[in-house]
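Inspection log for the structure reproduced underneath, given as C-alpha cells.
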Amino acid sequence: MKLKRNFYLRPTVKVAKDLIGKFLVRNCRGPSTGLRAGKIYQAMITETEAYHGFSDKACHGHKSRTKRNEVMFLHGGFAYVYIIYGIYHCLNLTTGDKDVPSAVLIRGLDFPNADGPGKLCKAFKITKENCNGLDVTGDTLYVEDRGIKPKIEATKRIGIDYAEECRDWLWRFKKI
DNA sequence: ACCCCGATCGTA
DNA sequence: ACGATCGGGGTT
C-alpha cells in the first residue's frame, strides 16, 4: 500500500531506515509533461541517507533558506530534487515538521543503472523541473510498502567530508 | 560580475 | 585517483 503522510511526519533518520525495502513508483501519467503517458517505473529502494536540521553541516538547509532548498523546509512527504555538479539530479523525500530543513536522499534502487542518486533519477525520468516540490502522497511519484523487511546496515554518509563532526554520523542505510 | 564548490559518475 | 561540468550561493 502507498505510504501516507504520517509515514513522513517522523524523525528523518527513522524514515531513512524505514524506506529501505519499500518501492519507489514513478507514474509518468502525472501532471509532469514531456513523458510518455502510461509509463510506470517501480523498484525497491536499497540505499538512503538522512539529512536533518540546523546542526547537520551536511544538510543543504542548515545555514539558510534559499530558492534551491526551500522544499526542504516543508513538512514531510514532498520531493526535493536538486542538481549536483551541474549535470545530475538527486531525489530526496522531505520528513518531519515544517520549517526544519530535513529530507532523505534516495541513493539506490534495485533496478538497472539505478545504483547511485544521479543514475536512479536518470533511469526514472526524475528531474528538478518535473518533480521538485511534488507531493509524494499523490499519484505521480510515491512509495509503496509491499511487506518486505530487509536486513539493514548503517554507515557514514558519502561525499560530505567537509561536514566536520557530522561526517561520522551513521545516517546512511543500505540493504544487506 | 566574479569566484568557488559540490549529497556524482565514468574512466583509468 | 581524477577530471568533467554548470547551477547557485555568497561576495564584490
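Quick caveat, the model's predicted, so the values are computed rather than measured.
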For residues 11-19 of chain A, which side-chain donor-acceptor pairs fall under 3.5 Å, sequence neighbours excluded?
| residue | atom | partner | partner atom | Å |
| --- | --- | --- | --- | --- |
| A:Thr12 | OG1 | A:His52 | ND1 | 2.8 |
| A:Thr12 | OG1 | A:Thr95 | OG1 | 2.7 |
| A:Asp18 | OD2 | A:Arg10 | NH1 | 3.0 |
| A:Asp18 | OD2 | A:Arg10 | NH2 | 2.9 |

List, one per line, each side-chain donor-acceptor pair under 3.5 Å for residues 105-122 of chain A, sequence neighbours excluded.
| residue | atom | partner | partner atom | Å |
| --- | --- | --- | --- | --- |
| A:Arg107 | NE | A:Glu47 | OE2 | 2.8 |
| A:Asp115 | OD1 | A:Lys119 | NZ | 2.6 |

5'-to-3' dot-bracket of DNA chain C (Watson-Crick, G-U; under 3.5 angstrom; crossing pairs as [ ]; | other strand): ||||.||||||.
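Computed from coordinates, the A:Leu170 CG to B:dA7 P distance equals 19 Å when rounded to whole Å. If you take NZ of A:Lys63 and C1' of B:dG6, they are 13 Å apart, rounded to a whole angstrom. Between A:Leu109 atom CG and B:dT8 atom C1' the separation is 15 Å, expressed in whole Å. Atom CZ of A:Arg68 is separated from atom P of B:dC5 by 15 Å (rounded to the nearest Å). Whole-Å rounding puts the A:Arg167 CZ to B:dG6 P distance at 12 Å.
Along DNA chain C, read 5' to 3', the first and last nucleotides having any atom under 4.0 Å from a heavy atom of chain A are C:dT5 to C:dG10.
At the heavy-atom level, A:Lys57 lies nowhere under 4.0 Å from the strands shown. Counting any heavy atom pair closer than 4.0 Å across all strands shown, A:Ile160 reaches sugar-phosphate atoms only and no base atom.
Of the possible donor and acceptor atoms, none in the side chain of A:Asn132 sits under 3.5 Å from a partner among the backbone N and O of A:Glu129. Judged by distance alone, the side chain of A:Asp56 and the main-chain N or O of A:Gly53 form no donor-acceptor pair under 3.5 Å.
Note that NZ of A:Lys128 is 11.5 Å distant from CD1 of A:Ile84, once rounded to the nearest 0.5 Å.
Both A:Val136 and A:Leu24 belong to a single network of hydrophobic side chains, linked directly or stepwise wherever heavy atoms of I, L, V, M, F, W or Y lie under 4.5 Å apart. One hydrophobic cluster holds both A:Ile40 and A:Tyr142 under the rule that ILVMFWY side chains link at heavy-atom gaps under 4.5 Å.
Taking the 5.5 Å centre cut-off and the 30° plane limit, the aromatic side chain of A:Tyr82 is not classed as stacked on B:dA7.
Within the structure, the side chain to side chain donor-acceptor pair (under 3.5 Å) test picks out the following pairs touching residues 76-90 of chain A (sequence neighbours left out): A:His60-A:Tyr80.
Using a 4.0 Å cut-off between charged side-chain N and carboxylate O, A:Lys2 and A:Asp145 make no salt bridge. Salt bridge status for A:Arg157 with A:Glu49: absent, with no side-chain N to carboxylate O gap under 4.0 Å.
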Atom pairs under 3.5 Å: protein N/O with N/O of nucleotides 9-12 of chain B:
| residue | atom | partner | partner atom | Å |
| --- | --- | --- | --- | --- |
| B:dC9 | OP1 | A:Pro117 | N | 3.3 |
| B:dC9 | OP1 | A:Gly118 | N | 2.7 |
| B:dC9 | OP1 | A:Lys119 | N | 2.9 |
| B:dC9 | O4' | A:Tyr88 | OH | 3.1 |

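Using cut-offs of 30° and 60° on the angle between ring planes, the pair A:His75 and A:Phe78 is perpendicular.
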